[in-house]
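The next block holds one structure in the form of C-alpha cells; read it before the comments.
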Amino acid sequence: MNYTQGLPADFFQQPTLQLAQSLLGCLLVKETAEGTASGFIVETEAYMGPEDRAAHSYNNRRTKRTEVMFGEAGLIYTYKMHTHTLVNVVSGPLEKPEAILIRAVEPYMGIDLMQKRRGTDNLKNLTSGPGKLTKALGITMEDYGHSFSAPPLVIVQGKIPDEVSSGARIGIDNTGEAKEYPWRFWVTNNPFVSRHRKGTSK
DNA sequence: AATCTGATATGCT
DNA sequence: GCATATCAGATTT
C-alpha cells in the first residue's frame with residue numbers, strides 16, 4: 001500500500017478539542033528510505049495556545065520553536081525534549097497557536113523496522129510514549145513545518161475507536177489550574193497508551 | 001521514587 | 001557565554 005495523500009485540509013479545521021478526539025484511530029504513516037512504518041493514533045493531548053499555561057505558545061509566545069503553531073491547521077510541529085523528538089499536529093485557524101500532541105500509537109505496518117529502530121521486540125514498548133513513537137516511526141526535526149496531508153509524514157483515515165476516554169494531561173506540573181483540564185484523550189483500554197491514569201469514558 | 005541524559009531555545013549577565 | 005526550562009525515557013535504587 002502506498003500513501004500519496006493524507007486526510008483533507010478541512011479535517012484539520014475542526015475545533016482543537018474535537019480534532020484531538022477525531023485523530024484517535026487515524027493512521028500515522030512515515031515513509032523513509034528504509035521503508036514505511038505506521039501506527040494507529042491511540043493517545044493525544046490538546047494544547048490551547050494563549051490561554052493554556054502548559055502550552056509552549058502560552059500568552060502568544062512566538063519564537064522560532066513555536067512559529068509553526070501560528071500557521072494553518074494540519075502542519076507538523078516537532079520539537080526536541082532532552083534526547084527525544086515529540087510530534088504535534090497544528091490546529092486552530094491562522095494566528096491561533098493551538099496544537100495536539102500525539103502521545104502514543106498502536107504499531108501497524110513496518111513493525112520489523114520499528115523494532116530495529118527502538119532496539120526492542122516488545123510490541124508494547126515500541127510506540128507507547130511521545131518520544132518512543134517518533135523514534136519508531138523515524139520522525140525527526142526534518143518534518144517540522146511540513147503538512148500531514150502529504151508524504152513523507154501523513155495522517156490517513158484509520159478505524160473508529162470503540163470507546164474514548166479523557167482526563168488530565170501528563171508532565172505539566174507547576175502550571176497552575178491548567179494541569180487539571182481534561183484535555184488528554186485516549187482509546188479506552190488500549191494497551192499502547194503511554195500511561196494508564198484514571199479518566200472518564202464517553 | 002530518584003537520578004541521569006544532554007537537544008534546543010530563551011533570558012540574563 | 002552561562003544558567004535555566006522543557007508536553008521523556010531509561011536505568012538504577
Side-chain angles (χ1 to χ4, degrees), chain A residues 16-17 19-21 23-24 28 37 39 41-71 73 75-92 96-107 114-146 148 153 155 165-187 191-199:
Chain A
T16 298
L17 289 177
L19 179 60
Q21 296 170 73
L23 282 170
L24 294 175
L28 180 65
I41 298 170
V42 296
E43 184 181 359
T44 60
E45 279 181 11
Y47 287 86
M48 300 298 285
E51 298 84 33
D52 186 353
R53 292 265 286 147
H56 291 159
S57 54
Y58 173 64
N59 205 15
N60 279 319
R61 221 163 79 108
R62 187 167 190 153
T63 66
K64 204 178 293 184
R65 182 172 65 160
T66 62
E67 179 66 34
V68 73
M69 293 176 77
F70 292 82
L75 292 179
I76 299 165
Y77 172 34
T78 52
Y79 68 91
K80 285 213 164 207
M81 162 70 177
H82 295 267
T83 57
H84 309 285
T85 306
L86 279 65
V87 63
N88 301 248
V89 182
V90 175
S91 179
K96 275 289 244 183
E98 299 176 354
I100 296 160
L101 170 66
I102 299 175
R103 288 196 54 90
V105 304
E106 175 182 337
M114 291 195 267
Q115 289 172 336
K116 192 179 102 188
R117 284 172 174 152
R118 293 274 297 116
T120 176
D121 58 3
N122 183 350
L123 269 190
K124 285 197 180 65
N125 195 30
L126 271 189
T127 56
S128 56
K132 299 182 197 176
L133 74 91
T134 54
K135 186 172 183 186
L137 293 180
I139 295 170
T140 69
M141 292 304 288
E142 295 283 297
D143 295 301
Y144 179 95
H146 294 210
F148 276 113
L153 181 58
I155 291 175
S165 295
S166 59
R169 292 173 293 180
I170 287 176
I172 54 168
D173 295 335
N174 296 329
T175 45
E177 61 210 47
K179 75 177 182 189
E180 296 300 332
Y181 295 172
W183 289 348
R184 172 175 175 244
F185 304 94
W186 66 94
V187 178
F192 299 98
V193 302
S194 61
R195 289 179 59 179
H196 291 272
R197 278 196 180 176
K198 68 177 171 192

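The sequence lines fix the lettering, A, B, ..., with proteins before strands; numbering per chain opens at 1.
Contact annotation: Lys132(A) side-chain N/O to dA10(C) OP1/OP2 distance is under 4.0 Å. Put simply, Thr63(A) has a side-chain N or O that comes within less than 4.0 Å of OP1 or OP2 on dT10(B).
The minimum heavy-atom distance linking Tyr79(A) with Arg65(A) is given by the pair CB-CD, 4.2 Å. Residues Ala136(A) and Thr127(A) share a closest heavy-atom pair of CB-CG2, 3.7 Å.
The CD atom of Glu45(A) sits 10.0 Å away from atom CZ of Phe185(A), with the distance rounded to the nearest 0.5 Å.
Rounding to whole angstrom units, OH of residue Tyr77(A) and C1' of dA7(B) are separated by 13 Å. When the P atom of dT8(B) is taken as reference, atom CE of Met141(A) falls 7 Å away, rounded to whole Å. Rounding to whole angstrom units, OH of residue Tyr144(A) and P of dA9(B) are separated by 9 Å. Atom pair His84(A):NE2 and dG6(B):C1' shows a separation of 10 Å (rounding to whole Å applied). For Asn125(A) and dA10(C), the CG to C1' distance is 9 Å, given to the nearest whole Å. The distance between atom NZ of Lys135(A) and atom P of dA7(B), rounded to the nearest whole Å, is 14 Å. Regarding Lys179(A), its NZ atom lies at a distance of 17 Å from the C1' atom of dT6(C), rounded to whole Å. Leu126(A) places its CG atom 11 Å from the P atom of dA10(C), with the value rounded to the nearest Å.
The base-pairing partner of dT6(C), taking Watson-Crick or G-U wobble contacts with both distances under 3.5 Å, is dA7(B).
Under the 6.0 Å distance and 45° angle rule, Arg53(A) does not count as a cation-pi partner of Tyr181(A).
Here Arg103(A) lies in heavy-atom contact (under 4.0 Å) with sugar-phosphate atoms only. Looking at heavy-atom distances under 4.0 Å, Arg195(A) makes no contact with the nucleic acid at all.
The side chain of Arg61(A) lies closest to dG11(B), out of dG11(B), dG9(C), dC7(C). Ranking dA8(C), dA9(B), dC7(C) by closeness to the Tyr79(A) side chain, first place goes to dC7(C). The side chain of Met69(A) has dC7(C) as its nearest neighbour among dA8(C), dA10(C), dC7(C).
The aromatic ring of His82(A) is not stacked on the base of dG6(B), since the criterion of ring centres less than 5.5 Å apart with planes inclined by under 30° is not met. By the criterion of a centre-to-centre distance under 5.5 Å and near-parallel planes under 30°, the ring of Tyr47(A) forms a stack with the base of dC7(C).
Side-chain atoms of Arg103(A) do not come within 3.5 Å of backbone N or O of Val193(A) as any donor-acceptor pair.
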